[in-house]
> 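Sharing a structure below in structure tokens format, with a few things to ask.
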Amino acid sequence: MLKATFRSFLAHKGRLVLSALAIILSVAFVAGSLIFSDTVTRTFDRLFASTSADLTVGPKEDLKEVVPSGRTATVPASLRERVAKVEGVAAAHVDASVDNITVVDRDNEPVGSTTGAPTVATNWYPTDRSPVELTSGHAPRGAGQAMLDADTADRKDVGLGDTLRVLARPGSFKVKIVGIATFTTTNPGAALVFLDTPTAQRKLLGAPDAATSISVTAAQGVDDDTLKRRVAAEVGAGYELETADEQAESAAASLGGFLDVIKYVMLGFAGVAVLVGIFLIVNTFSMLIAQRTRELGLLRALGADRGQVRRSVLFEALLLGLIGSTLGLAAGIGLALGLIELMGALGMNLKSTEMVLKWVTPVAAYVVGVGVTFVAAYLPARRAAQVSPMAALADAEVAGVGRPLKRRAVAGSVVAVAGAAALVACAVADEASSAASFLGLGIVLTLVATVIAGPLLVRPVIRVLGGAFPAVFGPVGRMSQRNALRNPRRTGATAAALMVGLALVGGLSVASASMTESFDRQIDATLGADFVVQNANFMPFSPEITEKIEDTGGVDLVVRQRFSPIELALPDGEKAESMAAGYDPRLDDVADITYAEGSSRAALATGRIGMDKDFAHEHGVRVGDALAVTFPGGRETKLTVGALTDQDAPEGFGVEGGLFLGLATVEKYVPDGQDSAVYVNAASGTDAETLRERLEKTLDPYPQVQVRDQADYKELIRQQIAVMLYLVYALLGLAIVIAVLGVVNTLALSVVERTREIGLLRAIGLGRRQLRRMIRLESVVIAVFGALLGLALGLVWGVAVQQVLALQGMKELAFPWATIIAVVIGSVVVGLAAALLPALRASRMNVLAAIAHE
């Protein structure tokens, strides 16, 4: 049996290639994501470990910023002298470092990274733990001089003697590049600008006696924990102390979010590849077993029992899984190398020679590859074991052509009812968390139900889809339709591979269209300003920009928006951490706000605060209640609730409560914040287009901000949502690739299965072109069937997702009809492409050899 299994595997290796490709793709994404994330993690662990100070003394931050406020937390620079006197301290340095700046060159083009990495301005003092070393020119000496990192200098063509302009919170200033510093460790992609310490304190922090932290070097023989205890005893509880290990750990945790995004995206690709690949493998083995019915019957007649036949098929699957996993692991290493090179092109210089391959990676690769293949081949293997010895004489087929689908109908109906009930529960749920849980359950159950019941839908749907074939294409069209109907199980499984990807696209396309429509309606309903000035990525900007806007001719009104983290002590005993937005008094002139109680004037008055009515009711808050509020730095006060809003607005940025207050209050308790947006109205007699031109001219020296009207603002939101769609389309692309492999495999094996039939058709006059057309039509109708099934399922999912979004304030339901039509047209193209090789092969068959085929 072992010899027979090996011979059978080698005899059908060409037919198994496409199944192996599905395994290779899924394993490659799993292995590649693990290798890449492990490499980046180890690289940055080394960076943080080698560059972190033995101890860092920084400001104590109890409130987390969900939305950037633009403030820079500081400690007194005089703290350095106190720390330096502590026993066991070899040296202490003042740090003055910020990353909420913009640096532009002589052409007013940003010098910083374009990949999301920060532009950091910091003071220069050389230590043996500095991530860079001076390699050209000299260190900055006094105001007006700066040093730039070599990678940024090369990328932006900046040299010694060039002038840059730094746009910081206290104001903008020019610096002359007098030195170039080269990274001695991994360059994380950031742009670094170095100033001397007094200049950095004054120009970056706005205070000559401020520091962002104090870096401490331990004396010989003093460990970091001992140093931390001694310094903590000296400085007291008002500061945050971190050892080198703790700094590395917190930095790695921050980096972990970035790595998790990449890892989970790639694992998502792997998941889609695995799911779609299962259908391909099941179909492949089912058809191979159907074609080997006589062979298996002979084995049974020669004495092989059912267990031996089943194990023979599973062993073939094991061989396929091992080969696919090995090739997939190699492809995963190549994929990881490609990602490392891509990161290098984007500015993050990773070394491919330091690529990490942990033992977990090959184990995961083989578990996925072998496991998926083994599980997918189990049902066909059981079916093979049911072949009787008489099948060798009767040449029977066990592919399930004539077997009833009653069990599928019952099982599919039960699962479908359960899935529908979960989606209905999602639609009527009152809380987003429970709705999301029901949504996840409903998606899984309805997908399983569709896969189970798919073959039941083959005959009624394909009769409709191919109904015009006989009239348009004559007998060829009739035969192609009947070929697709011949084996509903096979057609259903082939179409299911395409269905999965298109269901994802359909669901998320409806979700994104609904989100876009909801935001558009909200912008139309609330935004009353002529223009909004904002940073491209919603980051805060210097008050200097606001001053320039106010001085622009034709400007009648400027309303600033500024965020701050706060903590509220609520009447129900809970404490809520959130972000509050501060506004200037004339908010009603630039925004339309609906109030359940109170008004903007009441909410923005000194000592007052406004909030969303649902949040207030949840926590027992009423207008007139005085709430204890904590601002950053431990500043405490009491604010009276002046108004409750009833905006029904989309919740964004994870901000809870819809909290807002007067900007004067924010400035009082958070004096070092920055504006997040400026709303501008034109003066009487100045038309909007004229004002826009003036504002753009005023803001030309500040490339980090843009002037937007209502249409521009909508487009910005659409672009943010489109990022999600790009991922969906990438998943669709992968699913289509594997689905095409599935259709190609099915048609290719079907052609082999129907060799004698094709020979007879050719003998009675069917031309080669007609034969190719027949196979192409069969492929198209299967592809369109899968597309319609996937879109129908995806639209149901999309409506359910929108019900969850409605609980977040996004209540508009929209269908992306253009995308839906494009997908249907695309499925026709997919069907035509998948049929090219099988149709060509069928048309080249020798007629007599085909008739004599067994």
Side-chain angles (χ1 to χ4, degrees), residues 59 61-73 98-102 116-119 169 253-254 257-258 261 432 515 518-519 522-523 526-527 529 532-543 545-546 559-568 575-584 587 590-591 593 603-604 609-612 614-615 629-633 635 639 645 647 649-679 704-706 708 713 716-717 719-721 723-724 805 808-810:
E61 290 293 297
D62 297 323
L63 300 180
K64 186 180 296 182
E65 291 192 358
V66 180
V67 180
S69 67
R71 61 183 289 271
T72 300
V98 297
D99 59 8
N100 55 356
I101 63 163
T102 302
T119 300
R169 187 200 174 279
S254 300
F258 162 73
V261 170
M515 289 171 65
S518 297
F519 278 111
Q522 185 64 24
I523 291 169
T526 60
L527 183 58
V532 181
V533 178
Q534 268 184 324
N535 195 308
N537 53 6
F538 302 105
M539 295 295 290
F541 49 84
S542 169
I545 294 175
T546 305
V559 174
R560 298 170 293 163
Q561 178 191 59
R562 187 176 295 185
F563 285 98
S564 171
I566 66 171
E567 182 183 78
L568 286 177
K575 289 190 175 182
E577 268 194 41
S578 188
M579 298 294 293
Y583 296 98
D584 282 319
L587 177 62
V590 296
I593 303 174
L604 302 179
I609 188 170
M611 63 182 64
D612 178 70
D614 293 332
F615 176 80
V629 179
T630 304
F631 286 92
R635 302 179 183 94
L639 298 178
T645 59
Q647 282 297 93
E651 295 181 13
F653 305 107
V655 178
E656 181 184 16
L659 306 175
F660 66 106
L661 62 165
L663 191 57
T665 303
V666 175
E667 289 178 321
K668 179 180 179 181
Y669 294 100
V670 191
D672 54 350
Q674 298 186 61
D675 297 334
S676 294
V678 173
Y679 300 89
Q704 74 268 42
V705 294
Q706 288 80 40
R708 300 188 180 97
Y713 201 74
L716 179 66
I717 297 297
Q719 289 173 1
Q720 304 295 320
I721 296 173
V723 173
M724 177 183 72
L805 295 175
Q808 304 293 316
M810 289 170 272

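Counting begins at 1 with the first residue of the sequence.
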> Provide the closest heavy-atom pair for Phe615 versus Gly657 in the form atom of the first, atom of the second, distance.
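Reported closest heavy-atom pair: CG-CA, 3.5 Å.
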
> Just wondering, do Leu659 and Leu568 contact through their side chains at under 4.5 Å, heavy atoms?
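They are in contact (side-chain heavy atoms under 4.5 Å apart), so the answer is yes.
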
> Any heavy-atom pair between the side chains of Pro671 and Arg635 that's under 4.5 Å?
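Yes - at least one pair of side-chain heavy atoms lies under 4.5 Å apart.
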
> Hey, what's the ring geometry for Tyr679 with Tyr583, parallel, tilted or perpendicular (30° and 60° as the breaks)?
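Ring orientation, 0 to 90° scale: tilted.
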
> Quick check: closest heavy atoms across Ala581 and Phe563, and the distance to 0.1 Å?
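Between these two residues, the closest heavy atoms are CB-CE2, 3.6 Å.
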
> Which pair of non-hydrogen atoms, one from Val532 and one from Ala677, has the smallest distance, and what is that distance?
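What the structure gives for the nearest pair is CG1-CB, 4.3 Å.
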
> Roughly how far, to the nearest 0.5 Å, is CE of Met539 from CG of Asp99?
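One finds 7.0 Å between CG of Asp99 and CE of Met539.
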
> Ignoring hydrogens and angles, tell me if any N or O in the side chain of Gln674 forms a donor-acceptor pair with the backbone of Ser542 under 3.5 Å.
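Such a contact is found between Gln674 side chain and Ser542 backbone.
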
> Quick check for you: to the nearest 0.5 Å, what is the distance between Leu661 atom CG and Tyr669 atom OH?
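Answer rounded to 0.5 Å: 10.5 Å.
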
> In Å, rounded to the nearest 0.5 Å, how long is the span from CD of Gln534 to OH of Tyr713?
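Answer for the CD-OH pair, Gln534 versus Tyr713, is 4.5 Å.
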
> Considering only heavy atoms from C-beta outward, does the side chain of Thr102 approach that of Thr119 to under 4.5 Å?
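A side-chain contact is absent here, since even the closest heavy-atom pair is not under 4.5 Å.
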
> How close do Pro565 and Pro632 get, counting heavy atoms only, and between which atoms?
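That would be O-CD, 3.2 Å.
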
> Within the structure provided, determine whether Lys668 and Phe631 are in side-chain contact (heavy-atom separation under 4.5 Å).
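Lys668 does not reach Phe631 side chain to side chain.
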
> Check Gly70 against Pro540 and note the closest heavy-atom contact, atom names and distance.
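In terms of heavy atoms, the two residues are closest at N-CG, 3.4 Å.
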
> Pick one: which of Thr546, Asp584, Asp675 meets side chain to side chain donor-acceptor pair (under 3.5 Å) with Arg562?
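Running side chain to side chain donor-acceptor pair (under 3.5 Å) over Thr546, Asp584, Asp675 with Arg562 returns exactly one hit, Asp675.
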
> Would you find a donor on one side and an acceptor on the other, under 3.5 Å apart, between the side chain of Arg169 and the backbone of Gly673?
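Indeed, once roles are kept as given, a pair shorter than 3.5 Å links the two residues.
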
> Stepwise, does the side chain to side chain contact (heavy atoms under 4.5 Å, CB included) test hold for Leu639 with Ile566?
CA-CA 12 Å; Leu639 298 178; Ile566 66 171; 6.0 Å; no

> Which atom pair, heavy atoms only, marks the closest approach of Ala603 to Phe660?
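Taking every non-hydrogen atom into account, CB-CE1, 3.5 Å.
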
